[in-house]
Number of protein chains: 2
Amino acid sequence: MYSDGVPKLWNETIEAHRNSVREAILDATAALVAEHGPLSVTMSQVAEAAGIGRATLYKYFPDVESILAAWHERQIGEHLAQLSDAAEQPGDPSERLQAVLERFALISHQHIGDHSTDVAAFLHRSEHVAGAQQRLHGFVAELLAEGAASGDLRDDVAADELAGYSLHALTAAGSLPDQAAVRRLVQVTLAGLRPTDTPVEPSTRAAGKTRSHHQPHRHHRSEST
Amino acid sequence: MYSDGVPKLWNETIEAHRNSVREAILDATAALVAEHGPLSVTMSQVAEAAGIGRATLYKYFPDVESILAAWHERQIGEHLAQLSDAAEQPGDPSERLQAVLERFALISHQHIGDHSTDVAAFLHRSEHVAGAQQRLHGFVAELLAEGAASGDLRDDVAADELAGYSLHALTAAGSLPDQAAVRRLVQVTLAGLRPTDTPVEPSTRAAGKTRSHHQPHRHHRSEST
DNA sequence: GATTGATGGCGACACTTTGTATCTCAAAGC
DNA sequence: GCTTTGAGATACAAAGTGTCGCCATCAATC
């Protein structure tokens with residue numbers, strides 16, 4: 001039937017089945033989270049909603065947290081795919097960056113109520129979850145590094161840190177009422193990324209842990225070009 | 001009725017006691033969350049950790065979600081107090097704003113691992129929780145409105161939206177390694193708030209005066225991630 | 001100072017959820 | 001046909017949940 005080069009031909013169909021069941025579990029979980037919140041999700045509910053026996057569920061995931069982690073990974077993965085798509089559109093780096101950030105903001109805005117993006121915050125070992133999240137961060141950081149190299153963006157702060165800034169700032173889109181507001185948010189966020197005439201001072205002061213406000217900046221209102 | 005000066009003296013001591021027990025519950029919850037994550041917190045564990053009977057716990061809170069909500073409220077309240085303190089320091093509006101934002105960023109940075117600020121994301125009725133969070137948002141929005149009025153900050157975007165932007169952007173401090181990075185983040189965030197020569201309004205660039213198309217919207221959602 | 005009333009704390013009970021061990025069955029491979 | 005492999009359901013012990021009712025305590029009243 002199949003190519004006999006593969007020793008585990010039977011394994012392929014079973015893998016496909018497991019995958020479909022897994023997807024059903026994740027879908028059911030998403031629905032339950034959207035309805036009752038992540039805290040009240042139980043293995044029993046998930047099993048019933050997914051249409052499988054409860055004991056069977058344990059053959060896929062050991063506990064609720066693992067399910068939520070997997071769900072979160074899937075979500076981020078999908079988002080990352082959309083962002084990659086947006087990044088591949090033609091245009092100069094600045095335009096592409098804007099397209100990516102706007103895409104991300106719109107995704108965040110789309111998922112209000114659904115806690116998919118926020119889930120990472122309360123999974124205990126957030127570091128474990130960091131898989132897709134890391135890739136997302138790295139992806140944005142790379143774009144930002146490009147922009148900094150071409151002079152479109154500020155280079156006085158590491159692209160890594162700017163990526164964190166951007167991603168967090170744009171999650172504010174989840175609280176916004178409409179897409180026009182989302183676009184304004186993207187503009188504001190981008191404004192924070194552009195080169196400044198008052199760059200962050202590198203190290204005029206030694207390593208001190210005092211909190212007190214450092215020297216006041218006199219910033220000019222004109223940010224020409 | 002002997003002493004009519006203080007009719008409910010008994011009520012005061014009992015209230016004090018209830019408050020202390022309540023604080024103990026919240027402290028115990030915080031410890032449990034820090035150790036095992038919010039998902040695995042149970043009423044039994046909280047009761048034992050707080051040193052009270054489980055049934056007694058139900059006289060204070062009906063379920064885990066309520067406890068987490070109360071804990072979150074307390075945290076935000078404390079943060080708000082610190083921010084108010086920072087805002088009352090002398091200085092011009094711009095300096096005060098920077099002090100407040102830096103304080104907030106440092107608080108976010110301080111609480112890495114502890115999910116106190118992230119909890120709002122997964123409480124089901126986040127709108128219910130929004131009490132202190134709303135005040136925090138309004139507090140920052142007010143500062144931003146001041147800055148916009150004095151010309152130190154951009155006025156092409158509603159202070160309301162800028163507040164959401166700022167608070168979200170600064171939560172990125174939770175992922176930063178040291179305080180120097182936190183200060184850089186504050187600078188980047190502030191850069192997004194300053195006036196720009198390319199305001200967000202699509203048209204209406206005729207005169208130097210911008211018409212505010214956007215009216216302040218009313219409803220918000222969860223604030224932190 | 002004894003009684004009454006109201007309130008906090010806790011033991012106990014019935015019920016649900018959890019995690020696992022065991023069993024059955026369907027399909028691939030010989 | 002017979003064996004093997006693994007998915008899926010049933011069964012059970014342990015833990016968690018929500019509630020009722022009893023007791024101790026303290027304020028207020030006689």
Side-chain angles (χ1 to χ4, degrees), chain A residues 1-29 31-33 35-70 123-124, chain B residues 1-29 31-33 35-70 123-124:
Chain A
M1 310 283 186
Y2 302 86
S3 59
D4 20 20
V6 182
K8 313 179 211 169
L9 10 119
W10 127 82
N11 219 347
E12 183 173 345
T13 61
I14 211 114
E15 190 89 9
H17 173 64
R18 277 193 72 89
N19 258 343
S20 76
V21 172
R22 194 186 137 98
E23 293 297 305
I25 292 172
L26 264 44
D27 291 341
T29 303
L32 288 173
V33 169
E35 188 175 1
H36 300 341
L39 277 179
S40 59
V41 173
T42 69
M43 296 293 272
S44 307
Q45 291 175 347
V46 171
E48 185 177 354
I52 63 177
R54 191 175 61 86
T56 305
L57 179 58
Y58 280 94
K59 297 210 172 178
Y60 287 82
F61 296 99
D63 50 30
V64 181
E65 186 159 339
S66 301
I67 302 180
L68 290 173
L123 297 175
H124 188 214
Chain B
M1 298 179 182
Y2 298 140
S3 62
D4 41 13
V6 185
K8 307 176 189 173
L9 18 114
W10 139 78
N11 219 348
E12 182 176 345
T13 60
I14 212 108
E15 190 89 9
H17 174 65
R18 275 193 75 90
N19 258 343
S20 76
V21 172
R22 195 186 137 99
E23 293 297 304
I25 292 172
L26 264 44
D27 291 342
T29 304
L32 288 173
V33 169
E35 188 175 1
H36 298 95
L39 281 178
S40 60
V41 173
T42 69
M43 296 291 273
S44 306
Q45 291 175 350
V46 171
E48 186 177 355
I52 61 177
R54 192 175 60 87
T56 304
L57 180 56
Y58 280 92
K59 296 215 172 177
Y60 286 83
F61 296 99
D63 51 30
V64 182
E65 187 159 339
S66 302
I67 302 181
L68 290 172
L123 296 175
H124 188 215

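Because only heavy atoms are used, hydrogens play no part in the values below, and waters and symmetry mates are left out as well, while side chains stay in. Labels below follow one simple rule: chain letters A, B, ... track the order of the sequence lines, proteins then strands, and each chain is numbered from 1.
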Starting at CZ of A:Phe61 and ending at P of C:dT18, how long is that distance when rounded to a whole Å? 16 Å
So, does B:Tyr60 get its side chain near the phosphate of C:dG9, meaning an N or O under 4.0 Å from OP1 or OP2? yes
Rounded interatomic separation in angstrom, taking CD1 from A:Ile25 and P from D:dA7: 11 Å
Has A:Ser44 got a side-chain N or O lying under 4.0 Å from the OP1 or OP2 atom of C:dT18? yes
Would you mind reporting whether B:Met43 and B:Val64 have side-chain heavy atoms less than 4.5 Å apart? yes
Anything under 3.5 Å between a protein N or O and an N or O of nucleotides 10-14 of chain C, put it in a table, one pair a line.
residue : atom : partner : partner atom : Å
C:dC10  : OP2  : B:Gly53 : N            : 2.7
C:dC10  : OP2  : B:Thr56 : OG1          : 3.2

For A:Asp63 and D:dG16, what is the distance between atoms CG and P respectively, to the nearest whole Å? 15 Å
B:Met43 has an atom CE; how far is it from atom P of C:dT17, in whole Å? 16 Å
Treating A:Ser40 as the side-chain partner and A:His36 as the backbone partner, does any N or O pair qualify as donor plus acceptor under 3.5 Å? yes
First of A:Val21 and B:Gln45 reached from the 5' end of DNA chain D, by closest nucleotide: A:Val21
May I ask you to decide if A:Ile52's main-chain N or O and A:Thr56's side chain share a donor-acceptor pair within less than 3.5 Å? no
Closest-nucleotide 5' rank along DNA chain C - winner of A:Tyr58 and B:Arg18: B:Arg18
Protein-nucleotide distance (A:Leu39, atom CG; C:dT17, atom P), rounded to Å: 16 Å
Would you compute the distance between atom CD1 of B:Ile25 and atom CG of B:Leu57 and round it to the nearest 0.5 angstrom? 5.0 Å
Decide yes or no for A:Phe61 and A:Leu26: does some side-chain heavy atom of the first lie under 4.5 Å from some side-chain heavy atom of the second? yes
Return no unless some side-chain N or O of B:His17 is found under 4.0 Å from OP1 or OP2 of C:dG9. yes
Counting heavy atoms not belonging to B:Glu48, are there more than 12 under 6.0 Å from its CD? no
